[in-house]
Amino acid sequence: MLSYDNIRSDDLRNWIFSEVEFHPLALGKAEAVMSLGNGYMGLRSASEEPYIGEKRNLLVNGTFNKFDEFEVSELPNAADLTRLDIVIDGTRLSLERGTVTDYERSLNLRDAELVRSFVWEYGGKKIRFRFRRFVSLDRLHQIGLLAEITPLEGGDVSLVVRSGIDGQATNSGSQHFHEGEKRIYDKTYLELIQTTTESKVDFVLGAAHHVKINGEKTDLAPKMDIDRRRVAVSYSVKLEEGSTLAFEKLATVFTSRDREFDGDSSLDRVRQTALEELRSMHSAGYDALFEKHCAAWAKVWQQYDISLKSAHSFDVLAIRFAIYHLVIMTPAHDHRMGIGAKGLSGEGYKGHSFWDTEIFILPFYIYSNPVVARALLEYRYLGLEGARAKAKENGYSGAMYPWEAGWPSDGEVTPVWGQVDIVTGEQTKIWSGFIEQHITSDITYAVWHYYKATGDQDFMNRFGYEIIFDTARFWASRLEWNEAKGRYEINEVVGPDEYKEHVDNNAFTNYMAHFNIQLAMEYYETLREREPRLFEELNRKLSLEQAMAEWIAKAKLIYLPEPNESGIIPQDDTYLQKKVIDLSPYKAQSKVGSIFDDYNLDQVGAMQVSKQADIMMLFFLLEDRFAPEIKRANYDYYEDKTLHDSSLSMSTHSILANDFGDGELAYKLFRRATEIDLGPYMHSSDAGIHSASLGGIWECVVLGFAGVRMLGGELHLNPSLPDAWEELSFPLYWQGQRLKVELERHLLRIEADGEAEVSLTVHGREMKFTKQLQISY
Ligand code: BGC
């Protein structure tokens with residue numbers, strides 16, 4: 001069970017959540033939702049002492065490896081640095097034996113620190129344990145761990161602590177590394193090298209320790225141990241009752257893929273840098289390193305300074321939780337990397353990036369840290385290489401983005417086989433990598449969104465136009481002419497609703513492809529007029545003139561499904577003819593996907609049942625193309641048939657409910673979105689947190705309740721705070737200025753940090769201001 005109100009002091013109110021009972025059968029939840037990281041690496045919060053069923057993950061962004069030709073590339077699970085084997089009077093510490101009291105494992109979001117404490121009674125002894133851990137935001141390669149052990153009752157104990165670097169870690173059995181050298185320098189600095197088998201990325205991991213008793217450093221000599229894929233040291237000590245042993249473990253993680261080794265990523269250089277870092281960490285010690293880490297996090301909270309006064313303090317915690325995870329999952333340091341659908345908090349989705357980034361996470365960065373938004377889009381620019389390869393392999397032109405992306409040049413990396421089919425007992429085939437194609441226009445949409453909100457012309461010239469043109473070239477080649485109907489169609493796809501495979505004319509896909517081509521046509525003209533040199537360059541590279549002729553001929557003939565006589569837009573050609581079943585048992589489910597306990601995917605495909613927002617996504621992205629009454633009618637029709645089995649679904653529905661003026665529903669759905677990872681259900685996050693849902697929480701707040709939108713390049717605000725909220729404030733970057741937006745129930749204040757005039761529309765009223773605005777709404 002998680003607890004949300006363990007308030008230690010007023011200044012930590014709504015910054016901490018805890019697990020207050022040890023659950024040997026539900027380890028995954030806390031491991032994932034309390035995971036630590038810094039965008040460079042992610043460390044799952046498995047406990048120091050090991051348990052069956054745990055997942056000890058250390059994932060370094062961008063280090064993809066393909067285990068063999070039958071698997072797709074994934075982030076390899078690097079050697080474990082956190083395990084400690086603690087033996088007391090000859091018995092290994094395990095919470096599955098003896099008596100455990102005062103148990104608490106908590107994550108302090110403000111300082112990004114994991115703390116676990118308990119009292120363990122065993123063999124007549126009572127011992128207090130306290131573990132602390134951080135992954136430094138100040139120095140991206142550092143991990144700090146501190147264990148404090150105090151015998152409270154029953155006399156002195158004989159204690160052995162074994163600590164090291166364990167390269168036996170795998171990704172659920174796939175061993176991604178060749179075994180490398182292991183060494184202990186000066187009987188102090190442990191080093192383990194591992195190299196990925198296919199991508200040949202070298203990992204250099206280091207660890208060093210301090211042992212203190214009652215605050216005094218000891219000079220205990222460790223027993224050293226090197227074994228297959230492992231290097232370790234053990235310290236043995238007699239610890240008196242009432243004394244505290246503090247065991248510090250300072251660890252470093254470097255890889256040859258790290259930016260700082262550009263130009264010379266030789267193993268020698270990486271090793272040397274790693275050893276220097278480890279020596280300097282060791283001389284600084286846990287406390288000093290932790291202090292710097294906290295200072296780096298203080299800057300994060302200044303940057304993403306959202307504040308909220310709500311009658312429900314959980315809301316405040318949930319927003320901070322979302323921002324915390326968004327920060328630790330994002331490789332802000334390196335534009336060659338994307339954001340994984342589970343961040344770096346687990347092996348789920350293999351570290352791959354989906355449309356989750358562009359549609360659910362990017363808006364957070366566009367409006368609160370555009371530099372990072374740009375880096376994420378540059379990753380997609382680099383990904384043009386893989387996207388062009390995918391288009392070619394499939395017989396198309398231009399750039400066809402992979403549904404799942406890893407290293408930019410990899411192209412498509414979606415695995416082909418998934419879960420069990422409950423009818424046939426075989427594995428279900430995953431079709432997304434072949435036919436879920438809307439990702440291509442989602443990326444283009446994101447480029448446009450970023451450009452319109454920031455005005456970053458340099459980005460457009462260097463990257464944006466090329467993405468827009470080459471994706472439009474793909475769509476033009478993808479369209480299929482239907483002679484009988486005299487229109488272009490897009491057949492045999494999966495739309496956002498993944499419970500409908502092999503459908504024709506998924507409305508979302510068709511409208512977004514149309515949007516993509518239209519945008520390219522618009523920018524073709526703009527570029528030709530304003531930047532003839534750049535136009536010529538791109539024309540040579542992408543045959544733009546020829547492409548434009550094709551866009552002109554085809555765009556107006558693309559089939560865009562219109563509302564039927566009841567105002568319903570068919571999600572695809574056959575959806576509305578499928579049978580309707582009573583979904584109430586599945587709608588009341590406590591775990592997602594319960595419909596698959598009764599049906600397989602083919603059977604679900606034959607019913608009017610949706611996994612997630614589909615047409616609703618269209619209303620969210622192209623909102624000014626549809627009349628409000630059409631949106632409402634479709635919302636009512638489709639929501640009824642939507643199981644929200646994807647974590648991406650709830651936030652979109654909440655935002656739309658707000659648009660319809662149904663604040664109560666919007667808030668209810670927002671609360672459900674906040675509970676996907678942070679809520680009480682103990683298995684929802686086992687494979688990792690849900691990145692898009694966390695971005696979606698920010699979207700609910702800023703795009704939903706504050707009603708921030710970019711429409712046709714203009715800034716709009718349609719605030720309507722839920723009843724439970726009294727005040728909300730957040731930063732909003734717009735056209736190069738940072739605005740501080742403050743909302744009360746009927747009052748809006750905005751302060752700009754620059755001098756430029758800001759134009760915006762608030763609930764339909766156009767206005768302009770410089771520096772400050774205060775209005776009632
Ligand atoms: C959803 C997709 C999403 C993916 C990764 C799937 O379950 O249906 O829309 O992109 O998860 O989060």
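In listed order, ligands and their atoms are each counted from 1. Count residues from 1 along the sequence. All values reported here derive from a predicted model rather than from experimental measurement. Side chains are part of it too, since the values below use all heavy atoms of this structure and drop only hydrogens, waters and symmetry mates.
For an aromatic pair to be called close, the ring centres must be under 6.0 Å apart, and Tyr304 with Phe730 fails this.
No hydrogens or angles considered: a donor-acceptor pair under 3.5 Å links the side chains of Gln608 and Tyr637. Counted by atom type alone, Thr574 and Asp572 present one or more donor-acceptor pairs between their side chains at under 3.5 Å. With no hydrogens or angles considered, no side-chain donor-acceptor pair links Asp356 and Ser691 at under 3.5 Å.
A salt bridge is defined here as a Lys NZ or Arg NE, NH1 or NH2 lying under 4.0 Å from an Asp or Glu carboxylate O, and Glu623 with Arg709 meets this definition.
Note on ring orientation: taking the six-membered ring where Trp is involved, the planes of Tyr396 and Phe474 are perpendicular (angle over 60°, cut-offs 30° and 60°).
Closer than 4.0 angstrom to ligand 1 sit non-hydrogen atoms from Ala341, Tyr349, Phe354, Trp355, Asp356, Trp403, Glu498, Lys611, Gln612, Ser646, Leu648.
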